[in-house]
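See structure below.
In what follows, chains are A, B, ... by sequence order, proteins preceding strands, each numbered from 1. These figures come from a predicted structure and were not determined experimentally.
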Amino acid sequence: MKTRQAYPYWNPYIVGVGIGILIILSFVVTGRGLGAIGAFNGLMASVVHAISPDYALSKAAFSNYLSGIEHPLRDWVVIEIAGVCIGGLISGLVSGRFKFEVIRGPGISKVTRLIFAFSGGLLMAFAAKFTRGCTSGLALSGGSVMSPGAWLFMISVFIGGYSVAYLMRRLWN
Amino acid sequence: MKINHFFAILAVIAGITAAFTSHSVKNNIYPTWKFEKERVEGKTVRHISAHHLANLLYHKQEVSLLDARDWSDYENYHIPTALHCNMNPILEKEKSSGVVVLYGSAEDKNIYKMVRELPGRVYVLKGGLEAWDSLVLFPDPLQDKIRNTDQLKYIIRRSSFFGGEAQNTQLLNLNVRESRYREGC
Amino acid sequence: MELAAPLKYSMQIPEVYLLLFALLTGIAFGIFLEKAGFGNARKLVEQFYFTDMRMFKVLFSAIVTAMVGIYWLSYLGFLDSTQIYINGTFIWPQIIGGLVFGVGFVMCGLCPGTSCVAVFTGKLDALAVFAGLFTGLILYAEVEPQLAGVISYSSIGDISLYELFNMEYGVLTFVIVLVALAAFWFAGRVEERIAKRTA
């Protein structure tokens, strides 16, 4: 099977303006912007509830999503993340960028990269619960309505990232 | 690079026109203005909004209040801690710390003459006692553009602090919170 | 004039159509993210090594576009700016959380939204990020009772930046547009400088 040459990436400003228009549309129709980590919360709550309902209801972090008459998966942010997955799949297939691989720097092994990815995800989930949002929900949507917390969060993410970039250089370069 | 420049020029034009068209009193957001200068009968007058006066009193800041109406009206109801302008102690104080506010009823034009006779910087309550009644004592959240439950609770608390009562609270349907409790996104 | 937006309230749209709209928005968002190259963790992390400032450019141009659009829609009376969702501000949790998020971001190279895009374009490290996210949520649920006071510390409510600074809405919009344009120009210069150094 001939592998197609991958298309080049789009101009980042065009993508930014496109996402900005999406955010405006989202505010006009639903009064809310985008979101990402809320879907993980809802998904986690429903999975844990399916496995062990007592445990799920005893923990406040999960029971918040299980209270109410609707199912936790019947939520705008879960449907939106499902759309993000579908959109990524479509675009990846069309652009020839669909490939099973582990993205890593040249001098590091796959296992180390996977360990770092796991612990990075752990830190991010913990932090996202503190800040009540991740980059797409808090920084993008909160930044566009000028919430001070969103701007503080964005500045802190960049400071935190740049400060450990040198330590992690082996991981990527 | 052409399209980047196009976006940049568009953003600058939109931003400049935004800077020149915004006016928070005319924007439909919850009134947050505090002091305003206006020209009345040829002289500039300083106004204070009823919300800001209520906030100052609620947080126990130093405010000297003068009532410019008749003595009978004053006895009937006056803003708490207000003194009638016939009482001399305030007028004799040369330097009073804090904000000095003169208020009367809304259609009273004599207030602006009185303000000029008083020493120092005196603010006039915009809208008079009618504004105090409708915005502070008996606020109607359906009329005002309340953004969220924190603001609403503060308005209700403040109105009962001054002895009033918020109207129409049972009809409220604040849409900014989702029906299910969730913080963040 | 009766304010028309958010349409959810003025037109009483049934929930099914709102979920359908969320799906379409998500599909478009996913396409945009993948077309910008954020399905690949290296493209995101190169931002922090100054080789490719894509993440910063996409993020800020989206914010500026949306900010200007929302200002104009609310000035023209179409959008009711009191009914849109403004994220609450919790000063210290968001600063500390942002720092930790930044550290985790450089460790794994993907944020929660782009990790979905990465998983669905076949990248296996994104599965590890998924596992990490889920484990982090369970860990947080375990630890939360001890953290009850800390997490809501220093909340100042749902205010906006222009109220905090006592500025006009439009003036602050213009200031942010100028700052963003200067930052884009600067980012372009940094990229050229680094490219020259490594070439």
Nearest 0.5 Å please: distance from the [atom1] atom of [X] over to the [atom2] atom of [Y].
| X | Y | atom1 | atom2 | answer |
| --- | --- | --- | --- | --- |
| C/M107 | A/W172 | CE | CH2 | 10.5 Å |
| C/I84 | A/S144 | CD1 | OG | 8.0 Å |
| A/M154 | C/I63 | CE | CD1 | 3.5 Å |

Inset, instruction - Can you tell which part of A/L171 gets under 4.5 Å to a heavy atom of chain C, answering side chain, backbone, both or neither? - result: side chain
Legend entry - Heavy-atom contact with chain C under 4.5 Å, split by part of A/I23: side chain
Legend entry - Electrostatic pair C/E144-A/K129, nearest N-O below 4.0 angstrom: no
Inset, instruction - Report the option among C/L139, C/V103, C/V117, C/V64 that has the most heavy-atom pairs separated by less than 4.5 Å from atoms of chain A. - result: C/V103
Legend entry - C/F130/A/F40 under ring pair (Phe, Tyr, Trp, His ring centres under 6.0 Å): CA gap, chis, key distance, verdict: CA-CA 9 Å; C/F130 259 27; A/F40 285 90; 5.4 Å; yes
Inset, instruction - Decide yes or no for A/W10 and C/F32: does some side-chain heavy atom of the first lie under 4.5 Å from some side-chain heavy atom of the second? - result: yes
Legend entry - Close side-chain approach of C/F101 and A/S156, heavy atoms under 4.5 Å: no
Legend entry - Aromatic plane relationship, A/F158 with C/F48 - under 30° parallel, 30 to 60° tilted, over 60° perpendicular: tilted
Inset, instruction - Kindly assign one of parallel, tilted or perpendicular to the pair A/Y162 and C/F50, based on the angle between their ring planes and the thresholds 30° and 60°. - result: parallel
Legend entry - Interchain contact, C/L127 with chain A, by part (heavy-atom threshold 4.5 Å): neither
